[in-house]
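Lettering follows sequence order; numbering is per chain, from 1.
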Amino acid sequence: MPELPEVETIKTDLEKVILNQTITKVDVLRASVVKQPEINKFKAGLTNALIKQIIRRGKLLVIDIQTKDKKTLYLTIHLRMTGQLVYGALDKKARVSFKLSNGDYLCYNDQRTLGELRLVKDWKQLSVVAKMGPEPLSSEFKLNLFAKILAKRSAKIKPLLLDQHFIAGIGNIYAAEALFLSKIMPDRLACSLKPDEVKLLFKNIKQVLNKAIKCRGSSFSDYRDGHGQKGNFSQHFYVYGRKAQPCLVCKNKIQRIALGGRGTFFCGKCQV
DNA sequence: CGGGGCTCCTGTGCGC
DNA sequence: TGCGCACAGGAGCCCC
């Protein structure tokens with residue numbers, strides 16, 4: 001569900017309310033979402049731990065904690081499709097809940113339970129993190145490297161944008177929107193993009209992610225911010241979820257196809 | 001390397 | 001109303 005802008009919104013929301021609080025109680029109501037270590041160790045490590053810092057890498061949230069015996073550990077949370085991390089009152093639907101020192105709760109909700117929570121010593125050594133591509137909004141994401149990699153790849157551009165080893169944090173919504181803004185058909189082969197198109201796509205990836213962050217993310221369906229509120233970027237979608245509706249630029253009907261098993265929206269007239 | 005299919009789950013909406 | 005199927009912001013795995 002949540003992509004980079006949504007996870008970033010949750011991060012900044014939670015930074016204002018959970019930093020320097022102690023976790024006084026941990027309840028795991030759905031054991032399958034806790035992947036590492038086993039439940040009792042997970043709970044023991046977090047109980048009476050101090051929340052020090054929140055980090056985002058791609059779609060992964062990393063909460064830096066100091067345990068009651070002064071060790072540094074990291075709680076990593078991947079929200080997958082329907083995960084939510086909401087601060088406030090205890091939610092009856094929570095899969096995992098953390099009671100905080102001020103009496104409020106941090107609830108991990110997840111309808112489909114595909115999300116993953118881990119408590120680890122070194123989050124950068126997790127294989128998902130080690131294999132992750134560059135952060136698209138950081139200076140490590142460079143046009144010449146982007147162009148070089150695209151030139152070598154024969155995969156279709158849209159599934160490639162979703163590949164977290166290639167770039168971190170882009171999901172189905174922002175891949176579709178960035179390609180629309182760049183006037184590129186989602187099924188074009190990466191190596192077929194012309195230099196101007198590569199440049200445009202590079203710029204639009206950054207632009208659409210930044211705009212979505214300003215709008216506090218997209219609540220197409222389940223996404224909620226750190227306070228349980230919806231994001232506003234869905235109002236600005238050009239193509240995502242707009243099958244059969246008129247293109248906002250040329251009035252042509254937006255089409256939907258499947259690419260790599262994922263719904264893919266585009267305008268057949270604006271995109272080439 | 002690329003892509004298809006399947007899997008982890010739960011819920012909603014649509015067509016018949 | 002009821003049932004079955006398609007589909008959903010993700011991503012890993014196996015196989016060809």
Fill in the blank from the handout: The nucleotide from C:dG9, B:dG2, B:dC9 with an atom nearest the side chain of A:A155 is B:dG2
Exercise for the section: Examine C:dA8: is either OP1 or OP2 under 4.0 Å from a nitrogen or oxygen in the side chain of A:R256? Give yes or no. Expected result: yes
Handout entry: Whole-Å gap separating C1' (B:dG11) and CZ (A:R95)
Key = 11 Å
Exercise for the section: Starting at the 5' end of DNA chain B, write a dot or bracket for each base, bracketing those in Watson-Crick or G-U wobble pairs whose two distances are under 3.5 Å and using | for partners on another strand. Expected result: .|||||||.|||||||
Practice task
Take atom C1' in C:dG9 and the same atom in B:dG2, then report the distance between them in whole Å.
Solution key: 24 Å
Practice task
Quickly work out the A:I157 CD1 to B:dG2 P distance and round it to whole Å.
Solution key: 11 Å
Handout entry: Gap in Å between the two C1' atoms, one belonging to C:dT1 and one to B:dT10, rounded
Key = 22 Å
Fill in the blank from the handout: Here the distance between atom P of C:dC13 and atom CD of A:E116, to the nearest Å, is 11 Å
Practice task
Return the nearest nucleotide to the side chain of A:H165; candidates are C:dG9, B:dC9, C:dG12.
Solution key: C:dG12
Practice task
Record whether the side chain of A:S154 comes under 3.5 Å of the base of B:dG2 through a donor-acceptor pair of N or O atoms.
Solution key: no
Handout entry: A:L137 side chain near A:L4 side chain, heavy-atom distance below 4.5 Å
Key = yes
Problem - Note: A:R57-A:E135 ion pair, threshold 4.0 Å (strictly below) - result: yes
Exercise for the section: Would you mind checking if A:D225 and A:R216 are paired as a salt bridge, meaning a charged N to carboxylate O distance below 4.0 Å? Expected result: yes
Problem - Heavy-atom check, side chain of A:L100 versus side chain of A:I23, under 4.5 Å - result: yes
Handout entry: Rounded distance in Å between the P positions of B:dG5 and C:dA6
Key = 13 Å
Exercise for the section: Mind checking salt bridge (Lys or Arg N to Asp or Glu O under 4.0 Å) for A:D104 and listing every partner two or more places apart, or none if nothing turns up? Expected result: none
Exercise for the section: Between A:I170 and A:K131, name the one whose nearest nucleotide on DNA chain C is closer to the 5' end. Expected result: A:I170
Fill in the blank from the handout: Between CZ of A:R30 and P of B:dG11 the distance, given in whole Å, is 9 Å
Problem - Rounded interatomic separation in angstrom, taking CG from A:D222 and P from C:dG9 - result: 11 Å
Exercise for the section: Output yes when at least one side-chain N/O atom of A:Q111 is less than 4.0 Å from OP1 or OP2 of B:dC9, else no. Expected result: no
Completion exercise
Out of C:dG12, C:dA11, B:dG2, minimum distance to the side chain of A:Q164 belongs to C:dA11
Exercise for the section: Please report, rounded to the nearest Å, how far the P atom of B:dT10 is from the CD atom of A:Q84. Expected result: 16 Å
Fill in the blank from the handout: Between A:L162 and A:G261, whichever has its closest DNA chain C nucleotide further toward 5' is A:G261
Problem - In C:dG9, glycosidic geometry as syn within 90° of 0 or anti otherwise - result: syn
Handout entry: Short side-chain N/O contact from A:K59 to OP1 or OP2 of C:dA11, under 4.0 Å
Key = yes
Practice task
Taking A:Q271 for its side chain and A:I184 for its backbone only, find out whether a donor-acceptor pair lies under 3.5 Å.
Solution key: yes
Handout entry: A:R80 CZ - B:dT10 P separation (whole Å)
Key = 15 Å
Exercise for the section: May I ask you to check whether A:F265 and A:Y238 place their ring centers less than 6.0 Å from one another? Expected result: no
Handout entry: Presence of salt bridge, A:K93 and A:D91, under 4.0 angstrom
Key = yes
Exercise for the section: Mind checking A:S218 for me? I need base, sugar-phosphate or nothing, with any heavy atom below 4.0 Å counting as a touch. Expected result: base
Practice task
Round to the nearest Å and state the distance from A:L161 atom CG to C:dG9 atom C1'.
Solution key: 15 Å
Practice task
Can you figure out which of C:dG12, B:dC9, C:dG9 approaches the side chain of A:L114 most closely?
Solution key: B:dC9
